[in-house]
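A short write-up of the structure that comes next.
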4 protein chains.
Amino acid sequence: MSFAYFRSDEKRPSGRPRSELARKSILDATARLLQRVSLRNLAIENIAREAGVGKTTIYRWWPNKAAIVIDAFFEEVEQRTAFERAPTAVEAIRDQVVRMVHTIGGPIGRIAAQIIAEGQSNPDVLAHFREVFLLQRRAAATEIFRTGIANGEFRHDLDIELAIDLIYGPIWYRLMVGHQPLDEELANRLPRLSISALLQVSVTA
Amino acid sequence: MSFAYFRSDEKRPSGRPRSELARKSILDATARLLQRVSLRNLAIENIAREAGVGKTTIYRWWPNKAAIVIDAFFEEVEQRTAFERAPTAVEAIRDQVVRMVHTIGGPIGRIAAQIIAEGQSNPDVLAHFREVFLLQRRAAATEIFRTGIANGEFRHDLDIELAIDLIYGPIWYRLMVGHQPLDEELANRLPRLSISALLQVSVTA
Amino acid sequence: MSFAYFRSDEKRPSGRPRSELARKSILDATARLLQRVSLRNLAIENIAREAGVGKTTIYRWWPNKAAIVIDAFFEEVEQRTAFERAPTAVEAIRDQVVRMVHTIGGPIGRIAAQIIAEGQSNPDVLAHFREVFLLQRRAAATEIFRTGIANGEFRHDLDIELAIDLIYGPIWYRLMVGHQPLDEELANRLPRLSISALLQVSVTA
Amino acid sequence: MSFAYFRSDEKRPSGRPRSELARKSILDATARLLQRVSLRNLAIENIAREAGVGKTTIYRWWPNKAAIVIDAFFEEVEQRTAFERAPTAVEAIRDQVVRMVHTIGGPIGRIAAQIIAEGQSNPDVLAHFREVFLLQRRAAATEIFRTGIANGEFRHDLDIELAIDLIYGPIWYRLMVGHQPLDEELANRLPRLSISALLQVSVTA
DNA sequence: CACTAAACGAGACGGTACGTCGAGTCTTGGA
DNA sequence: TCCAAGACTCGACGTACCGTCTCGTTTAGTG
């Protein structure tokens, strides 16, 4: 589900068809270059040269370099960070948070950070990132929380959006600022601590 | 405590002294321009023109534009997000979180976001940001948490670093990704929700 | 026969072809600007602005500003200082010297002086100037001298290279040093005086 | 007889006197640097650094870098290219031309060429050069020519200025354009050829 | 012997132009 | 109609020197 897909949608095919080979080698070249340079310092000219492709071809199909990167990396991420069946909502969330720490702590996280950074000066990039990467995940999480509220695991007055931010915020915070690691310890402790804030009976200090 | 300060440290003064006027007008011009453009799109040439200053003068004192921005903003930010006296640790934290939401939700937050973004392709920038802005605040927070643990408000086994991330993570997350607003509602609910995870007796799972 | 010509030699054409319009307006702008400023103070940035052209386009086709100037001026100079048919070698030379004094005494001369000046710190420029401007003229002069020697007008032992320097030296000397004018009087007297040194029987020492 | 001399003339001495040491080390540094770079590429900043001197001190005493170079090189040249006693005017001139070819063919010539080049974009430099280096020599030559005319060696209608240009023009021409060497052969042949144009009885072709 | 006044080194200042890089657009010929 | 190649205009980069301007520090002579 790429930018390119949306843009070439609905067209009556006529003339020479899009070259699948060009598309692949652009995405490959991008992935290869991102091993070495930041998204910021990734020049579209270099992608074109590395891919053996005209710049025009890139500009024809992607609006900016972040869009290429999103195409290159985030189609396959989908399943890696999806929620999976679990006996209770708490456990479903805990499991997913653990997977999320692992994913964001790895190379995918680095890419995501680059894209968010790029997004600070380009709202389209940020919006596209939210759409492609975040919103679906948050929708799934919302579903789990609803279930958890319904079956009495969580407070009935839970603000779900805030709950999601409470759980994932620390992960993204550490990713972007780098003051603390995204390691196994976090994977262990974060769900325990954050979920405790959501549970049925809490305390009034 | 600025970049510039460190660089001109310990020198026996010789030759024409640094112009305080130039320094001020550079920082002012930077602040003014950042209202309109992102740090990414902020050209040093424009700062120089706006400040009525030679480019050389800028390059002489700051290694990159992020350093200018850090100098320009974080002196005044200091006091705005400091912890203040409060009867209990919980209240001290709640008050500070509210102030933080307000600050990060405003123009200062936008600047901070720009710096963190810049930091994704420039580790020095990120490190400098952590040093001058974050770590001091986190140290102060740590102090409060220690007090809160000592007087029985908080769990005795609290992981303070994680606790800080739990409380502030959502704020930075929203700042950087922009999926939800940093508004009054957040200022109200975030401290209540997050602090509940830290309290002495909290759960019946 | 321009710098540019040499560089684009032998290439199979591919991609967008060079813009003739850009080339022309660069050379025109250069000519226009050189009326007002010296080659030394002629900024490539100003040529670009005046020509409505990117700096890159200039740097793509010319290695330095002297090369632009040589391209701009010496095509048209060609015919103005050529030798023309005349009954005797002496007359052919006299006529050409007169034309030369006029040409070098005018704006063309000023340009030539600028190029020679530039050549003092850049051997390539000087070599290129000799090639495209001087050597051809000297070759033509050599031909005339040979004829003159053959038909008995000139000494049979004439050192042709030196003879050429004797005739043209004073012109260039005045051009570069400016201690005396390149005026009508010179046009009248120089050929009479210098040629007298070359004639068959000339001296009673 | 330097620029500096003229400028500080007539002053009642008061305050710290000019440092002879600074003056020397500036001229020395200039001479040293000119071994490696052209006058064009000789930066006053570098002279100052090399001489261990403030830029101000240079600007206080010399109006431009050519003036420094003239001070550095041409005080001593005087005698080397002066006319000397000889039995006839012809011989006096021949001898002086030979010395001139040697001098201009050497490092002094290279410097002179640099200054003339600089002079093409700075009339003051050229005027100063003529004053300091040329005019005195030409005045001396004029004297010799007058003698030669008076005693019947030269044509009575000789245009002396033109005669001087005829004799020295080839030397400067070769110096500036470099199409032919300033070698022993020139020293031999040039005076013989050029002087023959000046002699009493010539030919009408 | 202190005082005055200019020269000194150092180096920061506002500028201008440099030559390079990359952005995004345009224009060829060939597939 | 797409594609590669590569030219195009444009704008900013970081650097080098320019000539000017403070500074604090000599270094004479004068009072």
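All figures in this text were calculated on a predicted structure; none of them were measured in a lab. Order of the sequence lines sets the chain letters (A, B, ...), proteins ahead of strands, with each chain counted from 1.
- For B/R18, the listed nucleotide lying nearest its side chain is E/dC13; candidates were E/dC13, F/dA16, F/dT9.
- The side-chain tip of B/R23 does not point at the ring of B/W61 from less than 6.0 angstrom away and within 45° of straight on.
- Sequence order on DNA chain E of the closest nucleotides to B/P17 and C/N41 puts B/P17 first from the 5' end.
- Put simply, B/W61 has a side-chain N or O that comes within less than 4.0 Å of OP1 or OP2 on E/dC13.
- Atom CE of A/M176 and atom CE of B/M176 lie 3.5 Å apart (nearest 0.5 Å).
- Of the candidates B/E118, B/Q114, B/R110, A/Q120 forms a side-chain hydrogen bond (donor to acceptor under 3.5 Å, both in side chains) with just one, namely B/R110.
- Across all strands, C/T57 comes closer than 4.0 Å to base atoms (heavy-atom distances).
- Closest contact between the side chain of C/I44 and the listed nucleotides F/dA7, E/dG19, E/dA12 involves E/dG19.
- Nearest nucleotide to the side chain of D/V53, out of F/dC8, E/dG9, E/dG14: E/dG9.
- Put simply, CH2 on D/W62 is 13 Å from C1' on E/dC8, counting in whole angstrom units.
- In this structure, a donor-acceptor pair under 3.5 Å is present between the side chains of C/N41 and C/S38.
- Summary of the strand contacts: D/A51 and B/E45 both lie near DNA chain E, and taking for each the nucleotide with the nearest heavy atom, the more 5' one is attributed to D/A51.
- Comparing E/dG9, F/dG11, F/dT15 by their closest approach to the side chain of D/A22 singles out E/dG9.
- Comparing atom distances between the D/N46 side chain and each of E/dC8, E/dG11, F/dC17 picks out F/dC17 as nearest.
- The CZ-P distance, from D/R16 to E/dG9, rounds to 7 Å in whole Å.
- In this structure, B/L42 places its CG atom 17 Å from P of F/dG11, rounding to the nearest Å.
- Of the candidate nucleotides F/dC18, E/dT27, E/dC8, E/dT27 has the atom lying nearest to any side-chain atom of A/T56.
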